[in-house]
Amino acid sequence: MSWQQKIGHLFGQPVGVSFTNGQGTSGILCSADGNQIYIMEYLYQSQFALKHYDYRTIQDINPFPSCQQHHHNHYQPPLY
């Protein structure tokens, strides 16, 4: 299924976006207008930005996987 067919089901959800130049981004898919998608991205501290990306630059859009798929029974703090 192409990403254009998927986006209608992904509004308001966290997504990962891959671009044709090999880069990517992630955030909440807010809307699309037929030429661009709009994603709320985290910047730092308590700052967020609504960014837009042209359809021609997008390779794919995928929803984040469920946490249950990667759930561990016990939290293991990282070793430093």
Side-chain angles (χ1 to χ4, degrees):
M1 178 184 306
S2 73
W3 66 264
Q4 293 95 332
Q5 295 171 311
K6 292 189 273 187
I7 62 171
H9 302 286
L10 298 175
F11 292 127
Q13 296 185 41
V15 297
V17 180
S18 58
F19 299 108
T20 55
N21 67 2
Q23 295 180 325
T25 191
S26 61
I28 304 295
L29 180 61
C30 294
S31 65
D33 66 9
N35 294 314
Q36 297 181 359
I37 61 168
Y38 296 84
I39 296 183
M40 184 64 65
E41 296 180 15
Y42 175 71
L43 298 177
Y44 58 94
Q45 294 182 345
S46 62
Q47 295 186 19
F48 294 83
L50 182 63
K51 296 187 178 182
H52 58 94
Y53 299 98
D54 190 281
Y55 274 20
R56 294 171 294 183
T57 65
I58 300 168
Q59 180 177 338
D60 202 7
I61 301 176
N62 290 290
F64 271 57
S66 167
C67 291
Q68 285 87 14
Q69 294 175 1
H70 303 285
H71 179 72
H72 298 286
N73 290 333
H74 301 286
Y75 173 70
Q76 300 270 338
L79 300 175
Y80 294 100

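The first residue of the sequence shown is numbered 1, and numbering continues consecutively from there.
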Tell me, please, which residues at least two apart from F19 pass ring pair (Phe, Tyr, Trp, His ring centres under 6.0 Å). Y53
In this structure, would L29 and M40 fall into the same cluster of hydrophobic residues linked by side-chain contacts under 4.5 Å? no
For the backbone of S2 and the side chain of Q5, can you confirm whether one donor and one acceptor N or O come within less than 3.5 Å of each other? yes
What's the separation between atom CD1 in I37 and atom CD1 in I61, rounded to the nearest 0.5 Å? 4.0 Å
For K6 and D60, which heavy atoms make the closest approach, and how far apart are they? NZ-OD1, 3.1 Å
Could you report the tightest heavy-atom contact between L10 and P63, atom names first, then the distance? CD2-CB, 3.7 Å
Atom CZ of F64 and atom OG of S66: how far apart are they, to the nearest 0.5 Å? 12.5 Å
Contacts of F11 that satisfy ring pair (Phe, Tyr, Trp, His ring centres under 6.0 Å) - sequence neighbours left out: none
If hydrophobic clusters are built from ILVMFWY residues whose side chains come within less than 4.5 Å, do Y38 and Y55 share one? no
Could you grab the distance from atom CD1 of I28 to atom CD of E41, nearest 0.5 Å is fine? 11.0 Å
Here the gap from Q36 atom CD to R56 atom CZ, rounded to the nearest 0.5 Å, amounts to 9.0 Å
Separation of C30 SG from K51 NZ (nearest 0.5 Å): 13.0 Å
Spacing of Q4 atom CD and I58 atom CD1 [to the nearest 0.5 Å]: 8.0 Å
Residue pairs, two or more places apart or on separate chains, that pass side chain to side chain donor-acceptor pair (under 3.5 Å) and touch residues 15-24: N21-Q23
Is the shortest heavy-atom distance from the side chain of W3 to the side chain of V15 under 4.5 Å? no
